[in-house]
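Residue numbers begin at 1 in each chain, while the letters A, B, ... track the order of the sequences.
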Amino acid sequence: MRPDPRLIEKLFTRFEADKPDPKTELDFINPYTLVVAVALSAQTTDKAVNKATKPLFDLAYNPFDMVALGEEKLSAMIASIGLYRTKAKNVIKLSQILIDSYGGQVPLNRDALMALPGVGRKTASVVLNELNIEPAIAVDTHVYRVSHRLGIADANTPDKVEAQLMAIIPQKWLTRAHHWLILHGRYTCVARKPMCEQCIVADLCPKISVS
DNA sequence: CTCCCGATAT
DNA sequence: ATATCAGGAG
C-alpha cells in the first residue's frame with residue numbers, strides 16, 4: 001500500500017477551503033438524539049432518517065421519554081426507515097440502559113458506547129468525533145469505497161481501513177477527514193456512477209473500483 | 001455468513 | 001428489476 005500523499009493533500013486542502021467546519025448531515029439536538037440518529041442511519045440515507053426523527057425527537061429527545069413512548073409507537077414512527085424493527089428494539093433497550101446505568105446521560109467513551117445495543121464501532125466513532133471527544137475515522141460504506149478507489153487504503157475490513165487511514169492522514173485533518181471522505185463519496189465518488197469529471201483529484205486517482 | 005428492510009436512484 | 005443507503009448482531 002503506497003498511497004499518494006499529493007492526493008490527500010489536494011483533496012483535503014480543497015475541502016478545508018470549501019468546507020472548513022464540516023458536520024454531520026443527521027439532525028440532532030443533544031448527545032442522546034445524536035446516538036439515536038446515527039444508530040437509525042444504518043443502511044439508510046441521512047435524509048430518510050431526518051424525515052423520521054423530526055417528529056420523533058419532538059416527542060422524545062431523552063431516554064426517559066423514549067422508553068415512555070414504547071417500542072410499538074417508536075416502531076410505527078420509524079417504519080419508513082430500513083431495518084426499523086431491529087432499530088426500534090435497540091433504541092428502547094439502549095435508552096433503558098442509559099437510564100439504569102448512566103442517569104439518563106450518554107457515556108462519552110468508546111467502550112461504553114459500543115456496549116449499547118445497536119451501537120458498533122462505526123456509530124461510536126461518529127458520536128465521539130462529532131462531539132469532539134476524540135478524533136475518529138468512522139468507516140462507513142462511503143469511506144470504505146472512497147478510500148479504496150483513491151488508493152489510500154486497501155484493507156478488506158472497516159477496522160483495518162480505519163487503522164490505515166489513521167496512519168496516513170495528517171493530524172491537523174484527522175477530525176474533519178472522515179466528514180470530507182463521506183462528502184466526497186456522497187456527492188462525487190458515488191457508488192454506481194462516480195462523477196470523475198467533477199472530481200478534484202481525478203488526475204491523481206488510480207481509479208480502482210470496488211464492489 | 002446471514003438476517004434485518006423501506007425509500008430512492010439507476 | 002436491482003443496487004445502494006453514515007451497520008450491527010447472532
> Are any of Thr45(A)'s side-chain N or O atoms less than 4.0 Å away from OP1 or OP2 of dT8(B)?
Replying inline: no
>> If you apply the rule side-chain contact (heavy atoms from CB on, under 4.5 Å), what do you find for Tyr32(A) with Ser95(A), and how did you get there?
In response: CA-CA 9 Å; Tyr32(A) 172 72; Ser95(A) 300; 2.7 Å; yes
>> Would you measure the distance from the P atom in dT2(B) across to the matching atom in dA3(C) and give it in whole Å?
In response: 15 Å
> To the nearest angstrom, how far is Leu94(A) atom CG from dG7(C) atom C1'?
Replying inline: 14 Å
>> When the P atoms of dA9(C) and dA7(B) are compared, how many Å lie between them, rounded to an integer?
In response: 24 Å
> Can you tell me if the side-chain N/O atoms of Arg145(A) get under 4.0 Å from OP1 or OP2 in dC5(C)?
Replying inline: yes
> Tell me: CD of Glu25(A) to C1' of dA6(C), nearest whole Å?
Replying inline: 10 Å
> Is the closest side-chain donor-acceptor distance between Lys54(A) and Asn50(A) under 3.5 Å?
Replying inline: no
> For Val139(A) and Lys122(A), what are the C-alpha separation, side-chain angles and deciding distance, and is it a side-chain contact (heavy atoms from CB on, under 4.5 Å)?
Replying inline: CA-CA 6 Å; Val139(A) 180; Lys122(A) 177 257 163 183; over 6 Å; no
> Nearest nucleotide by nearest heavy atom, which residue falls closer to the 5' end of DNA chain C, Val139(A) or Lys93(A)?
Replying inline: Val139(A)
> Please give, in whole Å, the distance from dA6(C) C1' to Glu162(A) CD?
Replying inline: 14 Å
> Heavy atoms under 4.0 Å, any strand shown: does Leu116(A) hit a base, just sugar-phosphate, or nothing?
Replying inline: sugar-phosphate
> Toward the 5' end of DNA chain C, which comes first, Thr44(A) or Val119(A), by nearest nucleotide?
Replying inline: Thr44(A)
>> Taking the P atom in each of dC3(B) and dA6(C), what is the distance between them to the nearest angstrom?
In response: 24 Å
> Given the rule in the salt bridge (Lys or Arg N to Asp or Glu O under 4.0 Å) test, do Asp46(A) and Arg186(A) qualify, once you have shown the distances and angles that lead to the verdict?
Replying inline: CA-CA 11 Å; Asp46(A) 284 8; Arg186(A) 189 175 288 165; 3.2 Å; yes
> For His178(A) and dA6(C), is the gap between ring centres under 5.5 Å while the planes differ by less than 30°?
Replying inline: yes
> Which nucleotide in the set dC5(B), dA6(C), dT8(B) lies at the smallest distance from any side-chain heavy atom of Asp46(A)?
Replying inline: dA6(C)
> So which nucleotide from dC5(C), dC4(B), dA6(C) ends up closest to the side chain of Ser41(A)?
Replying inline: dA6(C)
>> If I take atom CG in residue Asp27(A) and atom P in nucleotide dA6(C), what distance separates them, rounded to the nearest angstrom?
In response: 14 Å
> Are Asp154(A) and Gln164(A) linked by a side-chain donor-acceptor pair shorter than 3.5 Å?
Replying inline: yes
> Please give, in whole Å, the distance from dA3(C) C1' to Lys193(A) NZ?
Replying inline: 16 Å
> Of the candidate nucleotides dT10(B), dA6(C), dC4(B), which contains the atom at the shortest distance from the side chain of His142(A)?
Replying inline: dA6(C)
> NA contact type, Ala37(A), heavy-atom cut-off 4.0 Å: base, sugar-phosphate, or nothing?
Replying inline: nothing
> Of all the choices, dA6(C), dC5(C), dC5(B), which nucleotide is nearest to the side chain of Ile182(A) once you look at every atom?
Replying inline: dA6(C)
> Is the distance from OP1 or OP2 of dA6(C) to the nearest side-chain N or O of Thr123(A) less than 4.0 Å?
Replying inline: no
> Quick one: on DNA chain B, does Lys51(A) or Leu83(A) contact a more 5' nucleotide (nearest heavy atom)?
Replying inline: Leu83(A)
> Gln43(A) has an atom CD; how far is it from atom P of dT8(B), in whole Å?
Replying inline: 17 Å
> When you check the side-chain N and O atoms of His148(A) and Arg145(A), is any donor under 3.5 Å from an acceptor?
Replying inline: no
> Taking side chain as C-beta onward, heavy atoms only, is Arg121(A) less than 4.5 Å from Glu162(A)?
Replying inline: yes
> When you measure from the side chain of Ser80(A), which nucleotide among dC5(C), dG7(C), dG6(B) comes out closest?
Replying inline: dG6(B)
>> Please report the distance, rounded to the nearest Å, between NZ in Lys89(A) and P in dG8(C).
In response: 19 Å
> So, is Arg121(A) near the phosphate of dG8(C), with a side-chain N or O under 4.0 Å from OP1 or OP2?
Replying inline: no
>> Of the options dT2(C), dC5(C), dC4(B), whose atoms approach the side-chain atoms of Arg192(A) most closely?
In response: dT2(C)
> Across the strands shown, which category fits Thr24(A) at heavy-atom distances under 4.0 angstrom: base, sugar-phosphate, nothing?
Replying inline: base
> Can you tell me how far P of dA9(C) sits from CG of Leu113(A), to the nearest Å?
Replying inline: 12 Å
